[in-house]
Amino acid sequence: MAWLVTKYDYVRRLLADPRVSSDPMKPGFPSLVEGQQEVDKAGVLPWMDPPEHNLYRRTVVNEFTFRRIKAMRPYIQGIVDDCVTAILAKPGEADLVQELGLIVPSLVICELLGVPYDDRAMFQQRARTVVNRTVTAEEWAANLGDMRTYLADLVERKSADLSEDDLLTRLIVKFAENGLDDRNQLIGLAVLLLIAGFETTASLISLSAVVLLTHPDQLALLQADPATAPAATEELLRFISHADHVTHRAAIEDIEIDGLVIRAGEGILLSTAAGNHDPDVFEEPGTLDLARDSRHHLAFGYGIHQCIGQNLARLELEVVLSTLFTRIPTLKLALPVEELPFKRETLIYGYDSVPVTW
């Protein structure tokens with residue numbers, strides 16, 4: 001049995017409740033991917049509970065502070081500028097997924113982690129398989145295993161030469177300094193950062209573009225003042241809420257909420273998407289309103305498992321929005337939105353292709 005929780009206040013309350021576990025090995029945990037319970041969860045922070053979670057999160061959280069991520073803005077701006085320039089060089093039609101959505105987060109996470117960009121095709125394909133809910137347990141485990149093998153080799157190479165200034169090298173040093181000698185945990189953490197840093201942001205970029213192109217009145221507000229991109233980013237995160245699956249939990253003690261009791265051993269589906277569309281918190285939640293104060297949305301979760309990479313995702317989307325629609329103000333969809341190929345099989349929903357013209 002699993003409870004579906006949709007009210008904003010209840011979702012937040014349970015995400016911060018220590019009687020709720022993120023460990024997929026716990027009785028009642030509601031897995032959406034076949035075989036998830038049998039896979040090695042080492043280093044996968046969203047599947048850890050305290051105190052183990054706290055120990056490993058501390059090794060990486062300072063790498064994603066607002067100040068550190070802000071310093072990456074010129075690099076991200078350069079990537080987006082190059083993508084838009086390449087799009088404009090085409091004869092009037094392009095695909096925002098292939099020529100923007102996939103490229104920006106791939107380059108950014110490769111630069112951040114110290115992963116060779118030439119290997120992007122390998123990790124892109126495997127990252128998409130890991131979040132695909134239709135693959136078999138064997139396929140899912142094999143793809144995750146391939147990612148671990150690849151990053152294990154990269155960790156070994158970087159361990160032999162600590163001179164590079166990248167996140168993976170710094171994590172190797174931090175693990176050693178803190179007496180964390182479990183190399184499997186380090187590799188798992190690297191896998192998590194690579195997958196999460198790519199797939200979620202890639203889908204978010206193309207989804208946001210489609211949402212704005214189908215809400216011309218709101219797009220006009222952004223184009224009139226690109227400085228509103230940060231606020232627009234927050235509203236789009238709330239409105240889209242495309243990473244809802246990471247907030248599944250299991251009760252490890254009985255929990256009473258307004259007269260209802262969630263028993264120990266029962267699953268809990270905490271819908272951040274539903275919470276972000278709770279009319280008691282967001283007036284007319286089904287309406288896109290870029291002027292709305294949406295900073296308290298739940299798109300990145302809440303509590304101890306709140307997304308480490310949220311500052312990076314925000315910045316990537318903000319730069320894309322403020323650049324794409326300024327440099328190509330006449331951008332429009334080449335197909336009716338209902339004809340766009342939608343990724344229905346994945347836990348991180350989005351589009352396979354977004355053809356556009358201008």
Side-chain angles (χ1 to χ4, degrees), residues 1-24 26-34 36-37 44-47 49 130-134 196 199-201 203-204 207-208 211 233-252 254-289 292-310 313-314 342-350:
M1 175 178 174
W3 292 82
L4 175 63
V5 183
T6 59
K7 291 290 292 180
Y8 177 93
D9 289 342
Y10 295 166
V11 171
R12 275 183 38 130
R13 188 189 311 179
L14 287 168
L15 283 173
D17 196 315
R19 297 169 295 177
V20 172
S21 173
S22 299
D23 186 347
K26 297 293 185 184
F29 189 90
S31 174
L32 293 185
V33 178
E34 183 183 0
Q36 181 175 335
Q37 284 86 349
V44 184
L45 292 175
W47 291 352
D49 291 332
V130 167
V131 297
N132 188 317
R133 58 184 175 82
T134 66
E199 180 63 22
T200 55
T201 307
S203 292
L204 180 62
L207 282 165
S208 296
V211 168
T233 294
E234 300 302 331
E235 172 65 354
L236 285 163
L237 284 163
R238 180 203 69 82
F239 188 79
I240 293 170
S241 299
H242 72 311
D244 206 27
H245 76 285
V246 297
T247 48
H248 294 172
R249 301 288 190 266
I252 55 177
D254 290 356
I255 303 170
E256 182 179 348
I257 297 183
D258 288 352
L260 295 175
V261 178
I262 301 174
R263 302 292 181 187
E266 293 180 338
I268 310 173
L269 305 174
L270 297 165
S271 178
T272 54
N276 282 337
H277 285 256
D278 185 341
D280 290 338
V281 180
F282 301 99
E283 186 177 354
E284 297 185 9
T287 299
L288 182 73
D289 180 2
R292 187 199 307 267
D293 182 1
S294 301
R295 289 173 295 177
H296 53 301
H297 63 73
L298 299 171
F300 294 116
Y302 185 73
I304 65 170
H305 286 290
Q306 195 169 39
C307 176
I308 286 177
Q310 60 182 290
R314 281 187 171 100
F342 197 75
K343 296 192 296 183
R344 300 186 184 279
E345 75 287 350
T346 181
L347 296 171
I348 306 292
Y349 74 85

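Values reported hereafter were calculated over all heavy atoms of this structure, with side chains retained and with hydrogens, waters and symmetry mates removed.
To the nearest 0.5 Å, the span separating CD1 on I304 from CG on L45 amounts to 10.0 Å. In this structure, CG on L4 lies 13.5 Å from OH on Y10, to the nearest 0.5 angstrom. The distance from atom CZ of R238 to atom CZ of R295, rounded to the nearest 0.5 Å, is 14.5 Å. Atom NZ of K7 and atom CG of D258 lie 10.5 Å apart (nearest 0.5 Å). If you take CG on N276 and OG on S271, they are separated by 8.5 Å, rounding to the nearest 0.5 Å. In this structure, CG on L236 lies 5.5 Å from CG on L288, to the nearest 0.5 angstrom.
The two atoms that bring S241 and Y349 nearest to each other are O-CE2, 3.9 Å, heavy atoms only. The nearest pair of heavy atoms linking D23 to F29 is O-CD1, 3.5 Å. Of all heavy-atom pairs between A251 and I262, the closest is CB-CG2, 3.8 Å. For the residue pair A250 and K26, the shortest heavy atom distance occurs at CB-CB, 4.1 Å. Considering every non-hydrogen atom in both Y302 and A16, the closest pair reads CE2-CB, 4.0 Å. When all heavy atoms of R314 and L237 are compared, the pair lying nearest together is CG-CD1, 4.1 Å.
For R19 and D17, the salt-bridge test passes: some basic side-chain N is under 4.0 Å from an acidic carboxylate O. Here K343 pairs with E199 in a salt bridge; the nearest charged N to carboxylate O distance falls below 4.0 Å. Ion pairing between a basic and an acidic side chain is recognised when a charged N comes within 4.0 Å of a carboxylate O; R292 and E235 show such pairing.
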**Prompt:** H296 and F282: side-chain contact (heavy atoms from CB on, under 4.5 Å), yes or no, with the steps?
**Reply:** CA-CA 10 Å; H296 53 301; F282 301 99; 3.5 Å; yes
**Asked** Please walk me through it: do I240 and L204 pass side-chain contact (heavy atoms from CB on, under 4.5 Å)?
**Response** CA-CA 8 Å; I240 293 170; L204 180 62; 4.3 Å; yes
**Request:** Show your reasoning for whether side-chain contact (heavy atoms from CB on, under 4.5 Å) applies to R12 and L298.
**Result:** CA-CA 8 Å; R12 275 183 38 130; L298 299 171; 3.4 Å; yes
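Remark: the backbone N or O of G350 is not paired with any side-chain donor or acceptor of H242 at under 3.5 angstrom. A side-chain donor-acceptor contact under 3.5 Å links Q310 to the backbone of C307. Looking at D254, its side chain does come within 3.5 Å of a backbone N or O of A264 through a donor-acceptor pair.
Put simply, the side chain of E283 does not reach to within 4.5 Å of the side chain of D289, judged on heavy atoms. The closest side-chain heavy-atom distance from D278 to T6 is not below 4.5 Å. Here the side chains of L260 and W3 are in contact, with some heavy-atom distance below 4.5 Å.
With hydrogens and angles left out, the side-chain atoms of R249 and S22 include a donor and acceptor closer than 3.5 Å.
For the side-chain contact (heavy atoms from CB on, under 4.5 Å) criterion with T247, the lone passing option out of I268, L14, T272 is T272.
Remark: aromatic rings of Y8 and H297 are distant, center separation not under 6.0 Å.
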